[in-house]
There are 2 protein chains.
Amino acid sequence: MAHITVSVEYGLHCLLWMIGSEIRPMSSRELAELQGVSPSFVAKIFPKLEKAGIVRASEGVRGGYVLAKPAPEISCLDVIDAIDGKKPLFDCQEVRGGCVLLGKKPPGWAINGTCAIHAVMLRAEKSMREALASQSLADVAEAVGRKAPPEFWNTFQAWVDKKAEARIGKPARARPA
Amino acid sequence: MAHITVSVEYGLHCLLWMIGSEIRPMSSRELAELQGVSPSFVAKIFPKLEKAGIVRASEGVRGGYVLAKPAPEISCLDVIDAIDGKKPLFDCQEVRGGCVLLGKKPPGWAINGTCAIHAVMLRAEKSMREALASQSLADVAEAVGRKAPPEFWNTFQAWVDKKAEARIGKPARARPA
DNA sequence: GGAAATCTACTCGGATACCGCGTGTCCGAGTTATGGTGG
DNA sequence: CCACCATAACTCGGACACGCGGTATCCGAGTAGATTTCC
């Protein structure tokens, strides 16, 4: 298990597919099927992205999710914090205050301010977060687009259109009984 | 639970206490008692530090651990990797290869090279590791020493000496039967 | 022919099990220093 | 007085349970669209 979870990975991949599809919402089921991952799991991720203001949900038979902001304004860090909940790199246990030499009531110099070890971790965490914040969804999408051949996007668009059409024209068919 | 574990925290705190005590080894029990943490847990950590070449173990009744290198040559990153085992920040599941549009045998352009999302994570991980590698045990110890009053170190030395004396003069007393 | 009601299938959203890693504890093997014993 | 030996307590080192967070799944509430029916 790594610090950045699989949920974040799925979320980022989904968001990349959603770029350019701001008009026609994509459902969590479509996104899951497209990538060959568990639909239930993907469905669990998106409510978090919606609460964070990264995507906007629309309900109903032709509903789904749409990016709530332009891709350049969504950073990887935003997605990570939205899904994993801003969990810290390091959880200081305040060991310094438990030293037997300090007694039950440690003096101020021992517990005031930030623990020196914690400070190192905070600096490292800041570097990490800055690196993640500097990369937007658009940046990542551009890197992906540089590799895929142009024809692939036509194939993708055709797949989306086919799925969109399959969602209409079926309801209220001949009554079972 | 955070990415950097409590084991690392305990290990770093112990190593800080060991600086300057290169002659008289400190046992894992002493280090635990000094800080008011579980002796069993501390004892579980040190074998990893020894295998990584950070500390040197000596056995027997007056045994214990000693820093294997000068404090300025031990970085926080060394300790983290030694205890937590160089676990990555992000574990890429290669989602890109599972896209249904690519079929069972994805073309080379889709799976060659590093996944774009993975690349972002690797850059962030590199930044984090560099920040951790730039801080040595000596640096952290200096930050701690700047806060503690000089008298405190005398108290600490006295405590160590008392513990060292308590370890001798007891074995082989009058036979029970 | 037009408009309202109904019905279906789809959507989101949260609540519920399973599993693996980290935390915490314990016990066994080996070694060193001590104290006594014999020469 | 010196060298040897047995003893005991301490050390390290790895193997064994408990609990929490992440992964994966399922089911219920609500909504938009299409069909059907009635005027």
Side-chain angles (χ1 to χ4, degrees), chain A residues 1-11 24-33 37-51 55-66 83-85 87-88 91 93 163-177, chain B residues 1-11 24-33 37-51 55-66 83-85 87 90-91 93 163-177:
Chain A
M1 188 180 14
H3 184 239
I4 297 178
T5 64
V6 176
S7 296
V8 170
E9 183 171 7
Y10 286 1
R24 202 167 293 205
M26 293 186 73
S27 72
S28 65
R29 182 181 296 185
E30 281 174 358
L31 287 164
E33 188 181 339
V37 300
S38 161
S40 305
F41 193 47
V42 172
K44 185 187 174 66
I45 297 169
F46 271 83
K48 298 178 182 175
L49 292 172
E50 197 217 353
K51 285 176 187 165
V55 299
R56 182 171 291 279
S58 53
E59 303 193 336
V61 66
R62 241 190 274 187
Y65 293 100
V66 165
I83 297 177
D84 279 355
K87 64 180 174 185
D91 183 17
Q93 306 290 319
K163 282 290 168 184
E165 289 178 9
R167 279 206 250 175
I168 64 178
K170 281 194 293 186
R173 65 163 175 251
R175 209 171 308 185
Chain B
M1 185 180 16
H3 184 238
I4 296 178
T5 63
V6 177
S7 296
V8 169
E9 182 170 7
Y10 286 1
R24 203 166 291 205
M26 294 185 73
S27 71
S28 63
R29 181 181 297 185
E30 281 173 0
L31 288 164
E33 186 180 342
V37 299
S38 161
S40 306
F41 194 46
V42 172
K44 184 186 175 69
I45 296 169
F46 270 84
K48 298 178 182 177
L49 292 172
E50 198 218 352
K51 284 175 187 167
V55 300
R56 182 169 292 278
S58 53
E59 303 193 335
V61 67
R62 238 189 278 185
Y65 293 99
V66 166
I83 296 176
D84 278 356
K87 65 178 172 185
F90 176 77
D91 184 16
Q93 305 290 319
K163 282 289 167 182
E165 289 177 8
R167 279 206 250 175
I168 63 178
K170 281 193 294 188
R173 63 162 177 255
R175 218 171 301 188

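To find a chain, count down the sequence lines: A is the first, B the second, and so on, and within it residues start at 1.
Axis orientation changes by 0° from one end of the helix from C:dG1-D:dC39 to C:dG39-D:dC1 to the other, with each end axis drawn from 5 pairs and the value rounded to 10°.
Put simply, CD1 on B:I4 is 17 Å from C1' on C:dC21, counting in whole angstrom units. Atom NE2 of A:H3 is separated from atom P of D:dT23 by 12 Å (rounded to the nearest Å). The NZ-P distance, from B:K87 to C:dC21, rounds to 11 Å in whole Å. A straight line from CE of B:M26 to P of D:dC12 spans 11 Å, rounded to a whole angstrom. With rounding to whole Å, A:K51 atom NZ is found 15 Å from C:dC12 atom P. Counting to the nearest Å, the P atom of C:dC10 and the OH atom of A:Y65 are 17 Å from each other. Rounded to whole angstrom, the span from the CZ atom of A:R56 across to the P atom of C:dT11 amounts to 20 Å. Separating the CG atom of A:D91 from the C1' atom of C:dT23 is a distance of 13 Å, rounded to the nearest angstrom.
Within the 4.0 angstrom heavy-atom criterion, no nucleotide atom of any strand lies near A:K48.
Checking D:dG13, C:dC12, C:dG22 against every side-chain atom of B:T5, the shortest atom distance belongs to C:dG22. The side chain of B:R29 has D:dT11 as its nearest neighbour among D:dT11, D:dA34, D:dA32. Side-chain proximity of A:S27 to D:dC10, C:dT11, D:dG33: nearest is C:dT11. Residue B:E50 places its side chain closer to D:dG13 than to any other of D:dA24, D:dG13, D:dA32.
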Check: residues 37-46 of chain B side-chain donor-acceptor pairs under 3.5 Å, at least two apart:
{"unit_1": "B:S38", "atom_1": "OG", "unit_2": "B:S40", "atom_2": "N", "d": "3.4"}
{"unit_1": "B:S38", "atom_1": "OG", "unit_2": "B:F41", "atom_2": "N", "d": "3.2"}

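For A:R24, the side-chain contact (heavy atoms from CB on, under 4.5 Å) partners two or more places apart in sequence, or in a different chain, are A:S21, A:D161, A:A164. B:S7 pairs by the side-chain hydrogen bond (donor to acceptor under 3.5 Å, both in side chains) definition with nothing, not counting sequence neighbours. A:E59 meets the side-chain contact (heavy atoms from CB on, under 4.5 Å) test with no other residue; sequence neighbours excluded. The side-chain hydrogen bond (donor to acceptor under 3.5 Å, both in side chains) check on A:E33 picks up A:K163, with sequence neighbours excluded.
Within the model, atoms CG of A:D91 and CD1 of B:I4 stand 11.0 Å from one another, a figure rounded to the nearest 0.5 Å. Here CD of A:E50 is found 6.5 Å from OH of A:Y65. Values are rounded to the nearest 0.5 Å.
Remark: the backbone N or O of B:Q93 is paired with a side-chain donor or acceptor of A:E9 at under 3.5 angstrom. No donor-acceptor pair under 3.5 Å is formed between the side chain of B:D84 and the backbone N or O of B:V8.
Within the 4.0 Å cut-off from OP1 or OP2 of C:dT23, at least one side-chain nitrogen or oxygen of B:S7 is found. Under 4.0 angstrom from either OP1 or OP2 of D:dT25 there lies at least one side-chain N or O belonging to A:S38.
The shortest side-chain heavy-atom distance between A:K87 and A:H3 falls under the 4.5 Å cut-off.
For the pair A:S28 and B:E59, both in contact range of DNA chain C, the more 5′-proximal nearest nucleotide belongs to A:S28.
Scanning residues 39-47 of chain A for heavy-atom distances under 4.0 Å to DNA chain D yields A:S40, A:F41, A:K44.
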